[in-house]
Amino acid sequence: MPLDALDARILRLLLDRPRTSVREYARILGVARGTLQARLERLERDGVIVMAGPRVSPAALGHPVLAFVRIEVARGHLDDVGDALASVPEIVEAFSITGSGGDLLTRVVARDNAHLESVIQRLGRLPGVVRIRTEIALSERVAHRVLPLVESLSPAAGGESEGGGAESGSEDGSAGGAQREAR
């Protein structure tokens, strides 16, 4: 969906200041609260805004190890293996992928390397799994972000943010670290 200048300003403000009220957003943007509410509802309905809730840090929950696990699946078993991944609590994301190195890419969190190994062993026993390749993340170089993309879509959204940025410097208002929160 194409964004107009106001949509881009709204998104940028939501990313810069995620804990602000709708009334305050309307004041900063210089629009009526009803106008802003209608725009927010449309952006949600169109799937532009997909989540409005807290991000929880697996590291803070005692799972500081992050690994990317590629899973190669036997022909005809992709859906079955994909469905089985949902029952593994340490898998925080899973995607079907193309290219060499597997059919599924998962993001796995663990308490330590021994725990990660047990998760990988469990994945290897799933019917239809042919091969597993694991890469452990050492540190995060670019935190999950969308603000630069939003800014690139509308020239009117560039420049200084409305009323300042997030206090900690990241778009979600959290401090950086070796592991970003799971959605």
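Keep in mind it's a predicted model, so treat the numbers as computed, not measured.
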A26 versus L36, closest heavy-atom pair with distance: N-CD2, 3.4 Å
Residue pair L126 / A84: nearest heavy atoms and the distance that separates them: CD2-CB, 3.9 Å
Shared hydrophobic cluster, V109 / F95 (ILVMFWY, side-chain heavy atoms < 4.5 Å): yes
Heavy-atom pair of closest approach, residues D80 and G76: OD2-O, 4.4 Å
Side chain to side chain donor-acceptor pair (under 3.5 Å) involving R39 - partner list, sequence neighbours excluded: D4, D7
Salt bridge (charged side-chain N to carboxylate O under 4.0 Å, His left out): pairs with one or both residues in residues 114-124, sequence neighbours excluded: E90-R122
Residue list, side-chain contact (heavy atoms from CB on, under 4.5 Å) with E72, at least two apart or on another chain: D103, V130, R131, R133
Given V108, L66, N113, the one that forms side-chain contact (heavy atoms from CB on, under 4.5 Å) with I136: N113
Residues that A110 engages under side-chain contact (heavy atoms from CB on, under 4.5 Å), provided they are two or more places apart: V65, H115, L116
Exam field: side chain D46 to backbone V48, donor-acceptor pair closer than 3.5 Å: no
Identified side-chain contact (heavy atoms from CB on, under 4.5 Å) counterpart of R12 within the set L15, L14, D16, I10: D16
Nearest-0.5 Å distance that lies between atom CG in L40 and atom CD1 in I49: 5.0 Å
Minimum heavy-atom distance between S96 and L78, given as atom pair plus value: OG-CD2, 4.2 Å
Flag, side chain of T106 to backbone of V69, donor-acceptor distance under 3.5 Å: yes
Any donor-acceptor pair under 3.5 Å from R107 side chain to A94 backbone: no
Separation of L85 CG from I71 CD1 (nearest 0.5 Å): 4.5 Å
Closest non-hydrogen atom pair, L123 against V129: O-CG2, 3.5 Å
Inter- and intrachain pairs under side-chain hydrogen bond (donor to acceptor under 3.5 Å, both in side chains), touching residues 23-32, at least two apart: E24-R27
Beyond-backbone contact of L11 with V146, side-chain heavy atoms, under 4.5 angstrom: no
With sequence neighbours excluded, residues passing side-chain contact (heavy atoms from CB on, under 4.5 Å) with L105: F68, R70, I97
Shortest non-hydrogen contact from S87 toward P89: O-CD, 3.3 Å
With sequence neighbours excluded, residues passing ring-ring contact (aromatic ring centres under 6.0 Å, His included) with H77: none
